[in-house]
A.B. asks: 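Got a structure here, written out as structure tokens. Questions coming.
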Amino acid sequence: MLTIAALEDDIVVHLPAPRVWELLTDWAAAPAWLPDVEEMHVNGPAGPGQELSYATGGHQRQYTLATYEPGHGLTMVSGADDADVRVEYGYLLLPDAGATRVHLRIAVRAAEELRVEALGLAAALADADAGQLESLRDYAEKAP
């Protein structure tokens with residue numbers, strides 16, 4: 001398997017980390033800041049293995065939480081561990097003088113023989129998600 005970094009980005013949200021975590025993991029509100037997500041539903045308890053079903057472009061998709069460290073970070077993945085292609089979204093929250101630095105890493109894991117397709121997917125994800133953290137910050141700083 002090869003891993004291709006599609007996007008690495010970070011932003012400062014002018015709220016304390018516990019509040020940013022609360023908003024980041026409010027999955028019902030995810031359509032307010034996640035690009036192209038029309039609705040999202042949670043299946044199972046919070047933690048690794050939790051399933052996040054979402055609708056986008058008229059299709060149903062699913063993420064699974066691979067990692068979940070309350071207040072600190074999580075990784076959402078689409079595709080099973082043994083899938084030929086797997087997409088990973090990692091979020092890390094770092095307290096920063098009363099605010100929170102949010103780091104996003106999007107990666108594509110793919111079988112070596114799918115390198116060309118994986119590179120294309122990584123480029124498309126980078127384009128689609130380039131403004132994701134700005135959307136999260138705008139949503140978070142306006143949330144009641």
Side-chain angles (χ1 to χ4, degrees), residues 1-57 59-111 114-115 117-144:
M1 293 291 270
L2 63 105
T3 301
I4 300 165
L7 177 70
E8 293 227 21
D9 196 8
D10 65 77
I11 199 164
V12 173
V13 178
H14 298 283
L15 293 168
R19 179 64 175 148
V20 175
W21 177 258
E22 179 184 335
L23 295 167
L24 174 71
T25 59
D26 178 0
W27 303 116
W33 61 271
L34 275 175
D36 301 324
V37 172
E38 297 155 5
E39 63 181 284
M40 186 175 279
H41 305 283
V42 176
N43 304 310
Q50 182 180 46
E51 296 175 351
L52 308 170
S53 300
Y54 66 102
T56 181
H59 300 285
Q60 290 294 317
R61 305 272 191 248
Q62 185 174 312
Y63 291 121
T64 301
L65 292 181
T67 65
Y68 186 84
E69 299 173 47
H72 183 66
L74 61 86
T75 305
M76 304 184 316
V77 299
S78 65
D81 287 343
D82 61 351
D84 287 341
V85 176
R86 176 179 161 135
V87 177
E88 302 174 349
Y89 285 78
Y91 298 87
L92 180 64
L93 278 59
L94 303 165
D96 187 359
T100 306
R101 180 169 299 281
V102 181
H103 181 80
L104 169 64
R105 181 178 190 271
I106 304 172
V108 177
R109 293 176 156 268
L114 297 174
R115 176 180 291 274
E117 293 86 348
L119 287 167
L121 176 57
L125 290 168
D127 185 51
D129 288 303
Q132 186 183 127
L133 290 185
E134 287 82 3
S135 293
L136 174 61
R137 180 187 60 203
D138 292 348
Y139 164 72
E141 292 179 358
K142 292 177 185 170

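As a basis for the values below, the full set of heavy atoms in this structure was taken, side chains included, without hydrogen atoms, waters or symmetry mates. This chain uses plain numbering: 1 for the first residue, then up along the sequence.
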A.B. asks: Atom CG in Leu114, atom CE in Met1: separation rounded to 0.5 Å?
C.D. replies: 9.0 Å
A.B. asks: Is there side-chain contact between Tyr89 and Asp129, with heavy atoms separated by less than 4.5 Å?
C.D. replies: yes
A.B. asks: Do Arg137 and Glu134 sit within salt-bridge range, that is, some charged N less than 4.0 Å from a carboxylate O?
C.D. replies: no
A.B. asks: Do side-chain atoms of Ser78 reach the backbone of Tyr63 as a donor and acceptor pair under 3.5 angstrom?
C.D. replies: no
A.B. asks: Can you sort out the partners of Glu39 under side-chain hydrogen bond (donor to acceptor under 3.5 Å, both in side chains), two or more places apart, ordered by chain and number?
C.D. replies: His41
A.B. asks: Give the C-alpha distance, both sets of side-chain angles, the deciding distance and a yes or no for side chain to side chain contact (heavy atoms under 4.5 Å, CB included) between Leu2 and Arg115.
C.D. replies: CA-CA 8 Å; Leu2 63 105; Arg115 176 180 291 274; 4.0 Å; yes
A.B. asks: Please evaluate residues Leu23 and Leu15 with respect to the criterion side chain to side chain contact (heavy atoms under 4.5 Å, CB included), reporting the C-alpha separation (whole Å), side-chain torsions for both, the decisive distance (0.1 Å), and the verdict.
C.D. replies: CA-CA 11 Å; Leu23 295 167; Leu15 293 168; 4.2 Å; yes
A.B. asks: Does Leu74 reach the side chain of Glu69, with side-chain heavy atoms less than 4.5 Å apart?
C.D. replies: no
A.B. asks: Working to the nearest 0.5 angstrom, can you tell me the gap between Leu7 CG and Leu133 CG?
C.D. replies: 7.5 Å
A.B. asks: Quick one, Pro31 and Glu38 - any side-chain contact, counting heavy atoms below 4.5 Å?
C.D. replies: no
A.B. asks: Are Pro35 and Gln132 close enough that some pair of their side-chain heavy atoms sits under 4.5 Å apart?
C.D. replies: yes
A.B. asks: Quick test of your reading: applying salt bridge (charged side-chain N to carboxylate O under 4.0 Å, His left out), list the pairs with at least one residue in residues 95-110, sequence neighbours left out, ordered by first then second residue.
C.D. replies: Glu8-Arg105, Asp10-Arg101, Glu88-Arg109, Asp96-Arg101
A.B. asks: Just verifying a value: how many Å separate Met76 CE and Glu51 CD, rounded to the nearest 0.5 Å?
C.D. replies: 13.5 Å
A.B. asks: With heavy-atom distances below 4.5 Å as the criterion, would you say the side chains of Ile4 and Leu119 are in contact?
C.D. replies: yes
A.B. asks: What's the spacing between Leu24 CG and Leu136 CG if we round to 0.5 Å?
C.D. replies: 6.0 Å
A.B. asks: Can you say whether the rings of Trp33 and Tyr91 are parallel (under 30°), tilted (30 to 60°) or perpendicular (over 60°)?
C.D. replies: perpendicular
A.B. asks: Any donor-acceptor pair under 3.5 Å linking the side chain of Thr56 with the backbone of Val37?
C.D. replies: no
A.B. asks: Do Val42 and Leu52 come close enough that some side-chain heavy atom pair is under 4.5 Å?
C.D. replies: yes
A.B. asks: Would you name the heavy atoms of Ala99 and Val13 that are closest together and state the gap between them?
C.D. replies: CB-O, 3.2 Å
A.B. asks: Working to the nearest 0.5 Å, report the span between CG of Leu34 and CH2 of Trp27.
C.D. replies: 7.5 Å
A.B. asks: Can you find a pair of side-chain heavy atoms, one from Val108 and one from Val85, that are under 4.5 Å apart?
C.D. replies: yes
A.B. asks: How far does CG of Asp26 sit from CE of Met40, to the nearest 0.5 angstrom?
C.D. replies: 11.0 Å
A.B. asks: Would you indicate whether the side-chain heavy atoms of Val77 and Thr75 approach each other to under 4.5 Å?
C.D. replies: yes
